Amino acid sequence: MSVLDQKHFHSEPAAYRFVEAHVWPDGRVCPHCGVLGESGPLKGKSTRSGVYKCYACRKPFTVKVGTIFEGSHIPMHKWLQAIFLLSSSKKGMSSNQLHRTLEITLKSAWFLSHRIREAMRDGKLGPLGGEGKVVEADETYFGKAGAPKAVRDNGKPYKSRKFSQRKRPIVALVERGGTVRSFHVERADKITVAGIVTKNIARETALHTDESALYLGADAHFASHSRVHHGKGEYARGTVNTNSVEGFFSIFKRGMKGIYQHCGEKHLHRYLCEYDFRYNNRVALGVNDETRAVKAIKGAVGKRLTYRTVGGQNARKEAQG
């Protein structure tokens, strides 16, 4: 039997029970007053699935309140289908494909996918690496940035538009054999990159980078700093390499170019969250497609987005992927 044949992907009551089991593992909690267990089903012929009444504050509620599902008129079983599809597709799934598969409007599919990416965002981040561990750091450039500055910070004009000024900078840190953490930054200069590296990597870590001058001086902050010189055709020297972080960039760029095609710069951080989530919950770390989808459902709590907040006026252009 296919995973998508399971009952909660097709039955609305079963879908609510599935979400409740993961959002309320210790019992129903009223989102209005915070009382645990003092509630029961709201009865009546016209009552929707999953509606409860709190006996303490006398207010109705569902498991959707205070989550990415709140305010949505899309059936819960379609939400679960979308979460599973986005979680299990290695390079993502476009809004157009979700629109056709789930039989919802393109606008709804675009908004739904952004809310799922918000659920994938990890808000509990400790330092990467540690004693005896290796973290690889690298930067890349993707897409088209906004109009470049006419003058430099010191007031002098740019002589030419360099490659890095035409693209959106992304910095990524990958713990070898572990997780990734990526950042979209306004400018990949030494101050910005050094701040990201020192704040997100434990001091006991061995840092591996390429020969970029952005990482000069890192020796003073970590147990060691080893570099490979790509400009000289060197891509590995024993165990010293940046293959893991380059592999992550490869998956990200192939997905963004082949699946999503267009991404507004203000939304790039959400797409990075999506690719981080799948990489950090991959099969090599013991996480299968179903478990990954459940983790996304658990991450939905406390992360409500509104259409205006996300920037829905650009939905159609970005959804055409």
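All heavy atoms count here, side chains included; hydrogens, waters and symmetry mates do not. One-based numbering along the sequence shown. Bear in mind that the values here come from a model prediction, so they are computed numbers and not experimental data.
Within the structure, ring pair (Phe, Tyr, Trp, His ring centres under 6.0 Å) pairs that include any residue of residues 196-225 do not occur (at least two apart or interchain).
Cation-pi check for R181 over F183 is not met; the charged atom does not lie both under 6.0 angstrom from the ring centroid and within 45 degrees of its normal. Cation-pi check for R117 over Y271 is met; the charged atom lies under 6.0 angstrom from the ring centroid and within 45 degrees of its normal.
Taking 4.5 Å as the limit, every side-chain heavy atom of L173 sits out of range of all side-chain heavy atoms of V245. Put simply, the side chain of C57 does not reach to within 4.5 Å of the side chain of E38, judged on heavy atoms. A 4.5 Å side-chain heavy-atom check between I170 and F249 finds at least one atom pair inside the cut-off. For the pair E274/I116, no side-chain contact is recorded, criterion being any heavy-atom separation below 4.5 Å from C-beta on.
Summarising the geometry of S108 relative to T105, their closest heavy-atom pair is OG-OG1, 2.8 Å, with the distance given to 0.1 Å. What you find for K253 and Y141 is that their closest heavy atoms are NZ-O, 3.5 Å. Between S244 and Y279, the closest heavy-atom pair is O-OH, 4.1 Å.
Look at R176 and E136 and you find a salt bridge, because one of the NZ, NE, NH1 or NH2 atoms lies within 4.0 Å of a carboxylate O, short of that distance.
In this structure E12 satisfies the side-chain contact (heavy atoms from CB on, under 4.5 Å) test together with Y16, S49, P75, M76, H77, sequence neighbours excluded.
Remark: the backbone N or O of G143 is not paired with any side-chain donor or acceptor of R168 at under 3.5 angstrom. Side chain of R115 to main chain of L112: no donor-acceptor pair is present (N/O by atom type, distance under 3.5 Å, no hydrogens or angles). For S113 (side chain) and A109 (main-chain N/O), a donor-acceptor pair under 3.5 Å exists by modelled atom type.
Note: L36 CG to C54 SG = 10.5 Å, rounded to the nearest 0.5 Å.
Remark: of the listed residues R270, K303, R304, R270 is the sole one forming a salt bridge (Lys or Arg N to Asp or Glu O under 4.0 Å) with E118. Exactly one residue among H114, H184, H262 makes a ring pair (Phe, Tyr, Trp, His ring centres under 6.0 Å) with H267. That residue is H114.
Ring orientation note: the planes of H8 and F18 are close to parallel, at an angle under 30° on the 30°/60° scale.
Judged purely by distance below 3.5 Å, without hydrogens or angles, the side chains of S182 and D276 pair a donor atom with an acceptor atom.
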